[in-house]
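As structure tokens, the structure follows; a few thoughts come after it.
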Protein chains: 2
Amino acid sequence: MAPEIHDTVAGLLREFEQRYTPVRRRLVTAMLAAGRPLTAAEVQAAARDVPQSSVYRNLADLEQVGAVVRVAAADEFTRFELAEGLTDHHHHLLCRGCGKVVDFQLPPAVEASVARAVLAAARRAGFREETHRVDLVGRCRSCQ
Amino acid sequence: MAPEIHDTVAGLLREFEQRYTPVRRRLVTAMLAAGRPLTAAEVQAAARDVPQSSVYRNLADLEQVGAVVRVAAADEFTRFELAEGLTDHHHHLLCRGCGKVVDFQLPPAVEASVARAVLAAARRAGFREETHRVDLVGRCRSCQ
DNA sequence: CTACTTGCAAATGCTTTGCAGGAGA
DNA sequence: TCTCCTGCAAAGCATTTGCAAGTAG
């Protein structure tokens with residue numbers, strides 16, 4: 001599964017005449033291994049020897065080509081994860097205590113009805129949908 | 001409707017031995033009138049003559065007593081709105097272009113099934129739910 | 001009088017950017 | 001060799017905080 005993802009990212013970058021450099025591959029690998037949204041600091045920790053500015057800059061680049069998305073959590077840190085298309089469609093459990101973010105999926109029937117309802121609301125308000133989020137905000141086991 | 005809300009806010013503050021001062025009332029009034037989440041700067045603009053630091057400090061105080069919640073939008077600005085209980089349960093349309101945030105509601109049946117599914121997912125992951133969010137991320141009419 | 005509040009100014013801290021050197025094609 | 005990428009250091013900018021004066025109860 002991993003090679004496919006790297007190929008896809010390389011392709012996305014190529015569309016914008018950018019390269020899939022070793023640094024970028026390290027960042028993608030880190031996010032892939034995590035399986036949950038990571039803060040810039042967590043990405044940096046996982047991708048040793050990549051300076052902070054390169055982490056931020058490359059995450060921004062990967063975001064622009066559509067390989068990475070920013071995730072708004074319940075704390076002050078922006079988090080990053082691989083975009084849908086590279087992974088599956090999922091949602092997040094956000095901990096108000098420690099900021100932790102965990103992935104989860106809705107039952108297909110619920111997902112479908114949410115998708116439909118959200119799209120309808122968007123249409124009514126003149127929005128063009130790009131994606132939707134269903135987040136739960138609460139407290140994880142260790143923060144209760 | 002307005003007086004009730006002010007009374008409720010005053011009560012929440014009193015529980016924490018804090019006062020419902022004129023400045024705080026101006027902030028609440030501004031958010032009430034807006035009917036959508038406001039950035040700190042927008043709150044300040046609506047509540048003339050309140051210095052920036054007082055806006056931030058009082059929004060933080062109001063958040064702590066449960067009268068206000070922070071809303072994560074699609075841009076870099078945190079937004080604030082009156083908490084549920086003071087208003088109704090609703091969700092947000094977020095514009096990636098200009099950051100605009102618009103309220104919307106799900107059909108009751110969809111809302112109920114989402115609530116159920118989210119709660120189940122939380123339980124499975126050991127999270128205690130405080131609230132959930134259903135956001136649409138896209139582009140508003142003028143940013144398409 | 002004893003807290004809680006306010007306002008100014010300065011600090012904090014995540015994130016972004018300028019610039020010079022390095023590397024891929 | 002031309003463009004993209006990297007790394008360091010410095011800047012940006014929303015948000016927070018210290019402190020002294022003000023005010024409600």
Side-chain angles (χ1 to χ4, degrees), chain A residues 6 9-31 37-45 47-65 67-81 98-99 101, chain B residues 6 9-31 37-45 47-65 67-81 98-99 101:
Chain A
H6 289 299
V9 173
L12 288 169
L13 285 164
R14 213 175 301 120
E15 285 179 41
F16 291 80
E17 298 178 313
Q18 300 200 333
R19 300 161 191 159
Y20 196 31
T21 64
V23 167
R24 286 173 182 168
R25 176 179 282 265
R26 300 243 287 289
L27 303 186
V28 168
T29 300
M31 288 186 284
L38 298 180
T39 62
E42 287 173 331
V43 172
Q44 184 183 17
R48 291 169 161 295
D49 294 323
V50 176
Q52 196 185 44
S53 66
S54 290
V55 170
Y56 278 108
R57 189 141 36 192
N58 284 298
L59 286 175
D61 293 341
L62 290 167
E63 186 192 11
Q64 280 200 29
V65 305
V68 161
V69 297
R70 279 165 205 255
V71 176
D75 59 15
E76 72 266 36
F77 302 100
T78 301
R79 288 159 202 251
F80 301 86
E81 71 177 358
C98 61
V101 180
Chain B
H6 290 299
V9 173
L12 288 168
L13 285 164
R14 212 174 302 120
E15 284 180 42
F16 291 80
E17 297 177 312
Q18 300 201 333
R19 300 162 191 158
Y20 197 32
T21 64
V23 167
R24 286 173 183 167
R25 176 180 282 265
R26 300 243 287 288
L27 303 185
V28 168
T29 300
M31 286 185 285
L38 297 180
T39 62
E42 287 172 330
V43 172
Q44 184 183 17
R48 289 170 163 296
D49 293 323
V50 176
Q52 195 185 46
S53 67
S54 290
V55 170
Y56 278 108
R57 189 138 40 189
N58 284 298
L59 286 174
D61 293 341
L62 290 167
E63 186 193 11
Q64 280 199 30
V65 305
V68 161
V69 297
R70 278 165 205 254
V71 176
D75 60 14
E76 72 266 37
F77 301 98
T78 302
R79 288 159 203 250
F80 301 85
E81 71 178 356
C98 61
V101 180

Please state how far atom [atom1] in [X] lies from atom [atom2] in [N], giving the value in whole angstrom units.
X       : N      : atom1 : atom2 : value
B/Phe77 : C/dC14 : CZ    : P     : 19 Å
B/Asp61 : C/dT5  : CG    : P     : 7 Å
B/Arg14 : C/dC4  : CZ    : P     : 15 Å

- Message: Among residues at least two apart in sequence or on other chains, which ones pass side-chain contact (heavy atoms from CB on, under 4.5 Å) with B/Ala30?
- Response: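 Partners of B/Ala30 under the side-chain contact (heavy atoms from CB on, under 4.5 Å) test: B/Ala46.
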- Partner set under side-chain contact (heavy atoms from CB on, under 4.5 Å) for B/Val69, not counting sequence neighbours: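 B/Val69: side-chain contact (heavy atoms from CB on, under 4.5 Å) contacts with B/Glu81, B/Ala83.
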- Query: Residues from residues 20-28 of chain A sitting under 4.0 Å of DNA chain D, heavy atoms only?
  - Reply: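 Heavy-atom contacts with DNA chain D come from A/Thr21, A/Val23, A/Arg24.
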- Task: Take B/Glu17 and B/Val50, find for each the nucleotide of DNA chain C with the closest heavy atom, and name the residue whose nucleotide sits nearer the 5' end.
- Result: B/Glu17
Closest heavy-atom contact between [X] and [Y]?
X       : Y       : result
B/Thr39 : B/Glu42 : N-OE1, 2.8 Å
B/Cys98 : B/Asp75 : O-OD2, 4.0 Å
B/Gly99 : B/Ala73 : O-CB, 4.2 Å

Under 3.5 Å, sequence neighbours excluded: what are the donor-acceptor pairs made by side chains of residues 50-59 of chain A?
residue	atom	partner	partner atom	Å
A/Asn58	OD1	A/Arg24	NE	2.7
A/Asn58	OD1	A/Arg24	NH2	3.4
A/Asn58	ND2	A/Ser54	O	2.8

Quick one: side chains of residues 9-17 of chain A, donor-acceptor pairs under 3.5 Å with protein atoms, not counting sequence neighbours, listed by atom name and distance.
none

- Query: How is A/Asn58 classified with respect to the nucleic acid when contacts are heavy atoms under 4.0 Å: base, sugar-phosphate, or nothing?
  - Reply: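 Sugar-phosphate, backbone atoms only, no base.
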- Query: Once each nucleotide of nucleotides 16-25 of chain C is scored for protein heavy atoms under 4.0 Å, what B/S/- sequence comes out, 5' to 3'?
  - Reply: BBBB----B-
- Query: So what is the end-to-end bend of the helix from C/dC1-D/dG25 to C/dA25-D/dT1, with 5 pairs used at each end and the value given to 10 degrees?
  - Reply: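 It comes to 30° between the two terminal axes.
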- B/Arg70: partners by side chain to side chain donor-acceptor pair (under 3.5 Å), with sequence neighbours left out: B/Glu63
- Item | Where chain A begins and ends its contact with DNA chain D, read 5' to 3' at 4.0 Å from heavy atoms | D/dT3 to D/dA9
- Can you name the salt bridge (Lys or Arg N to Asp or Glu O under 4.0 Å) partners of B/Arg19, sequence neighbours left out? none
- Item | Inter-residue atom distance B/Gln18.CD - B/Asp61.CG, 0.5 Å rounding | 5.0 Å
- Intermediate values then yes/no, side-chain contact (heavy atoms from CB on, under 4.5 Å), A/Leu38 and A/Arg79: CA-CA 5 Å; A/Leu38 298 180; A/Arg79 288 159 202 251; 5.9 Å; no
- Applying ring pair (Phe, Tyr, Trp, His ring centres under 6.0 Å) to B/Tyr20 and not counting sequence neighbours gives B/His6
